[in-house]
Colleague: 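Sharing a structure, written as structure tokens. Questions coming.
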Amino acid sequence: MTDPENTVAVPGAPTEAVLDRDGLDELVRVLVRRGRTVIGPTVRDGAIVLDELESADALPYGWGVELEAGQYRVRRRADQAAFAHSAGPQSWKSFLHPERVRQWSAERRPDGVLSVRPEAPQSVSYAFLGVRPCDLRAIRILDRVMGGGRYRDPAYLSRRTGAFLIAVECTEPGATCFCVSMGTGPAADAGFDLALTEVVDAAGHRFLCRSGSPEGAAVLAELPRRDADEPTRAAAASAVSEAAERMGRSMPPVDLRTLMRDTLEAERWDDVTARCLSCGNCTMVCPTCFCTTTEDVTDLTGDHAERWRRWDSCYDLDFSLLHGGPVRATPRSRYRQWLTHKLGTWHDQFDSSGCVGCGRCIVWCPTGIDLTEEAHALHQEATRTESAP
Amino acid sequence: MTTPTTSRPPSLPRLGVFKFASCDGCQLTLLDCEDELLGIAHELDIAHFLEASSDIGTGPYDLSLVEGSVSTPEHVERVRRIRDQSRHLVTIGACATAGGVQALRNYANVEEYLATVYARPEYIETLATSTPISAHVPVDFELRGCPIDRGQLVEVITSFLAGRKPGIPNHAVCFACKRRGNVCVTVAHGTPCLGPVTHAGCGALCPTYGRGCYGCFGPAATTNLPALVPLMHRDGMSDEDVGRFLHTFNVTAFTAVEGEGPG
Ligand code: SF4
Ligand code: SF4
Ligand code: SF4
């Protein structure tokens, strides 16, 4: 696992350099040679998805995206940038916390004795190429939820421990991004093995690369590279700071945790409920939503049983089913549970916000429900109520 | 699947498969369970299954799978007899759970339909409506789909044998679609999709191949059609198109939730 404390580089290893496209090609080759399964962005089915990369050729060179609430389109770009897009339909959660994992299996022997076999830990060694700063934070949040506290999840830890993270700073925020409001981007400061900033200008297409761990520095040392020059540094820094000025969305400038706590009975919840399909898309694309349910499977003989865990969602009526019926029977209570957990009670539970401002839930909501718009509306309603005589 | 070698215990639970107004596709799903069929035959005594054998065993049955809708006066009597003979009755498919595509007549004049379709309508004895089995007798479990999903059918049979509740989620197709890693056809392509209001069970088959879900599993546990219909209009469907989209295999079930807001 990337250790932010342990960022002292191997003596003599580079901590900063400039890579060309062949440097990026070699990066994927080096990682594959080191036994890594490299996951990164690639174009499939009209979207930039995350998938296993055989080589850097599969990166979305020359592709961008146009995002709006409930709408996503890939677009050809005038340049050959590889990372000038923002969050797609999946997140790294799909790999660290897969949608369905077996937890144990049991056999009934002919003499009737049961033997239970725990699931062996995954031996996969991931390298994630193209982790956005908001998603770096999301991984840190998942580390706390799944890998911290009293109950640590072996299925998560077996995938997460040792994963090599290559962050890519954002230079082309989407119309649905609001990482600045959430304090998560567009610059990457820690928690990565390598960080790239893509620069495309008159001086060419290149990547400013920084190492953030000894392994990152060791990998960088194997790549064709040149020393970081001042113009590239300056171009990278201004691309990122300009991105911060071009956020498509923002949150109201208030303490969101208090806002959620104080607006539980707001009328706005009825308004959003009328538009919500309870389809759960928002939770499944969210890089931090982690909820699961249990599935017990038997074979026809009943001699073999398995316990599986699969993604579930607070929008699923059965998710809160107790004897007698679901606790959150109304769509209003389900939407409210989701938003107040993300922005409010997550703080009580895990000491941080549950939202990193990636905007996925806005884009992939079929009806285009936008949590920033809902937060603004709740804030306005609260202000109106306060100032009412 | 290895061929079972142990001999059968003397009294296996008895399985009956019955058909009402339907196309047989759902019961054929049972024959289609190639890998599991021998296992099923080993665990259950297949007493009545006309698609598989003309060797008919009389009731009672421990598990009855009922396909098709109640469509004639004779059906009304027969479904009661089958219920009386069945310890556990599961309806399979859109016809048995919602009346099927033949329930379109529930919203039309059945005499006119008869005159249009049959040369000698006076030979046809039919009810004015096509109704699900549950409108006539108590049903223990309803398995959706047109046709049903093979994996879900095996799960229903397996859970019956184990004495547990079937693991059949009631949420929308979108859940399965996202779990499968699909790119949403509505959001990314502007293709109308009924996934957000349709009961999961198919594994998001249509969106996986780039087309919109057309609702063959009927409504999910919660729906909000008034929120979805404007998207279908945006993506180029007329009112008539939307009507046709919703009023097919599960016409009665979608009609029941059509005017309702978030539920
Ligand atoms: S709540 Fe929405 S914007 Fe926030 S992290 Fe989740 S998907 Fe991203
Ligand atoms: S907010 Fe949007 S994505 Fe989430 S459940 Fe409601 S309609 Fe679906
Ligand atoms: S393609 Fe259809 S089923 Fe899949 S997520 Fe989109 S709306 Fe839902």
Side-chain angles (χ1 to χ4, degrees), chain A residues 44-51 70-74 88-90 94 98-100 110 270 273-281 283-285 293-302 305 308 310-313 315-319 321 326 329-332 334-335 363-369, chain B residues 1 4 6 36 38-44 154-155 157-159 161-165 167 169-191 193 195-198 200 207-210 220-228 230-231 234 261-263:
Chain A
R44 166 173 61 80
D45 298 335
I48 298 178
V49 300
L50 297 175
D51 212 340
Q71 203 158 312
Y72 180 104
R73 294 290 183 275
V74 286
Q90 309 116 320
S94 302
E99 53 96 8
R100 195 163 180 264
D270 295 324
T273 302
R275 290 172 279 131
C276 178
L277 297 159
S278 275
C279 64
N281 275 306
T283 62
M284 279 173 286
V285 297
T293 189
T294 294
E295 230 174 51
D296 285 332
V297 182
T298 48
D299 72 351
L300 283 159
T301 63
W308 290 76
R310 75 163 152 78
W311 284 0
D312 205 350
S313 161
Y315 288 93
D316 190 335
L317 202 53
D318 288 342
F319 186 65
L321 185 72
T330 63
R332 181 182 190 273
R334 294 195 291 277
Y335 184 84
V363 174
W364 298 98
C365 171
T367 70
I369 291 174
Chain B
M1 162 85 224
T6 48
E36 296 86 5
L38 280 174
I40 291 170
H42 194 253
E43 298 300 327
L44 288 156
V154 173
E155 167 61 12
I157 295 171
T158 309
S159 63
L161 289 168
R164 63 176 170 83
K165 203 174 149 229
N170 295 310
H171 51 220
V173 176
C174 295
F175 282 74
C177 199
K178 278 289 177 296
R179 285 179 43 213
R180 202 162 169 165
N182 290 343
V183 173
C184 175
V185 302
T186 290
V187 169
H189 311 161
T191 302
C193 181
V197 293
T198 299
T208 301
Y209 293 97
T222 60
T223 61
N224 186 358
L225 273 165
L228 185 65
L231 304 190
R234 177 198 68 191

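Each chain gets a letter, A, B and so on, in the order the sequences are listed, and its residues count up from 1.
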Colleague: I'd like to know which of E155(B), R234(B), E43(B) tops the heavy-atom pair count under 4.5 Å against chain A.
Modeller: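 The option with the most such pairs is E43(B).
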
Colleague: Does any backbone or side-chain atom of A188(B) lie under 4.5 Å from a heavy atom of chain A? Answer side chain, backbone, both or neither.
Modeller: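 Its backbone and side chain both get close to chain A.
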
Colleague: Taking the side chain as C-beta and beyond, is there a heavy-atom pair between P331(A) and N224(B) under 4.5 Å?
Modeller: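 Not in contact.
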
Colleague: Roughly how far, to the nearest 0.5 Å, is the CD atom of Q90(A) from the CG atom of N182(B)?
Modeller: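 Atom-to-atom, N182(B):CG and Q90(A):CD are 9.5 Å apart.
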
Colleague: Quick one: do V183(B) and V49(A) satisfy side chain to side chain contact (heavy atoms under 4.5 Å, CB included)? Show the steps, please.
Modeller: CA-CA 8 Å; V183(B) 173; V49(A) 300; 3.7 Å; yes

Colleague: Check whether L277(A) gets within reach of chain B through its side chain, its backbone, both or neither, counting any heavy atom under 4.5 Å.
Modeller: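 When you check distances to chain B, atoms from both the backbone and side chain of L277(A) fall under 4.5 Å.
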
Colleague: By a 4.5 Å heavy-atom criterion (distance strictly below it), what part of Q71(A) contacts chain B: side chain, backbone, both, or neither?
Modeller: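 Answer is both: backbone and side chain atoms of Q71(A) are under 4.5 Å from chain B.
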
Colleague: Looking at every non-hydrogen atom in both residues, tell me the closest pair between C276(A) and P262(B) and how far apart they are.
Modeller: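 Distance-wise, the nearest heavy atoms are O-CB, 4.5 Å.
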
Colleague: Mind listing the closest non-hydrogen atom pair of C279(A) and C174(B) along with its distance?
Modeller: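 Shortest heavy-atom contact: O-CB, 3.7 Å.
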
Colleague: How long is the gap from NZ on K178(B) to CH2 on W364(A), to the nearest 0.5 Å?
Modeller: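 Answer for the NZ-CH2 pair, K178(B) versus W364(A), is 6.5 Å.
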
Colleague: Which answer fits D45(A), side chain, backbone, both or neither, if we ask what part of it has an atom under 4.5 Å from a heavy atom of chain B?
Modeller: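 Answer is both: backbone and side chain atoms of D45(A) are under 4.5 Å from chain B.
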
Colleague: Considering all heavy atoms of both residues, which atom of G39(B) and which atom of L300(A) are nearest to each other, and what is their separation?
Modeller: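 Distance-wise, the nearest heavy atoms are C-CD1, 3.8 Å.
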
Colleague: Between L161(B) and chain A, which part of the residue has a heavy atom less than 4.5 Å away: side chain, backbone, both or neither?
Modeller: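 Just the side chain, heavy atoms under 4.5 Å.
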
Colleague: Given a strict heavy-atom distance threshold of 4.5 Å, which part of D299(A) is in contact with chain B: side chain, backbone, both, or neither?
Modeller: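 Just its backbone gets close to chain B.
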
Colleague: With chain B as the partner, which of G302(A), G70(A), P89(A) has the greatest number of non-hydrogen pairs under 4.5 Å?
Modeller: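 Of G302(A), G70(A), P89(A), G70(A) has the most heavy-atom pairs under 4.5 Å with chain B.
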
Colleague: List in chain and number order the residues that pass ring pair (Phe, Tyr, Trp, His ring centres under 6.0 Å) with H171(B), two or more places apart in sequence or in another chain; answer none if no residue qualifies.
Modeller: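 Partners of H171(B) by the ring pair (Phe, Tyr, Trp, His ring centres under 6.0 Å) criterion, ordered by chain and then number, come out as F175(B).
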
Colleague: Which bit of T367(A) comes within less than 4.5 Å of chain B, counting heavy atoms only: side chain, backbone, both or neither?
Modeller: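 Both backbone and side chain.
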
Colleague: State which residues pass side-chain hydrogen bond (donor to acceptor under 3.5 Å, both in side chains) with D296(A); sequence neighbours excluded, sorted by chain then number.
Modeller: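 Listed in chain order: R307(A).
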
Colleague: I40(B) versus chain A, heavy atoms under 4.5 Å apart: side chain, backbone, both or neither?
Modeller: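 Contact with chain A involves both backbone and side-chain atoms of I40(B).
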
Colleague: Select one option (side chain, backbone, both, neither) describing which atoms of R332(A) are under 4.5 Å from chain B's heavy atoms.
Modeller: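 No part of it gets close to chain B.
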
Colleague: Taking it one step at a time, do T186(B) and Y72(A) satisfy side chain to side chain contact (heavy atoms under 4.5 Å, CB included)?
Modeller: CA-CA 9 Å; T186(B) 290; Y72(A) 180 104; over 6 Å; no

Colleague: Checking V363(A) against chain B: side chain, backbone, both or neither under 4.5 Å from a heavy atom?
Modeller: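 For V363(A), the contact with chain B is made by backbone and side chain together.
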
Colleague: Check A227(B) against R275(A) and note the closest heavy-atom contact, atom names and distance.
Modeller: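 Closest pair (atom of A227(B), atom of R275(A), distance): CB-O, 3.7 Å.
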
Colleague: Which bit of T330(A) comes within less than 4.5 Å of chain B, counting heavy atoms only: side chain, backbone, both or neither?
Modeller: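 For T330(A), there is no contact with chain B at all, as no heavy atom is under 4.5 Å.
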
Colleague: Under 4.5 Å from any heavy atom of chain B, what part of T293(A) do you find: side chain, backbone, both or neither?
Modeller: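 When you check distances to chain B, no heavy atom of T293(A) falls under 4.5 Å.
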
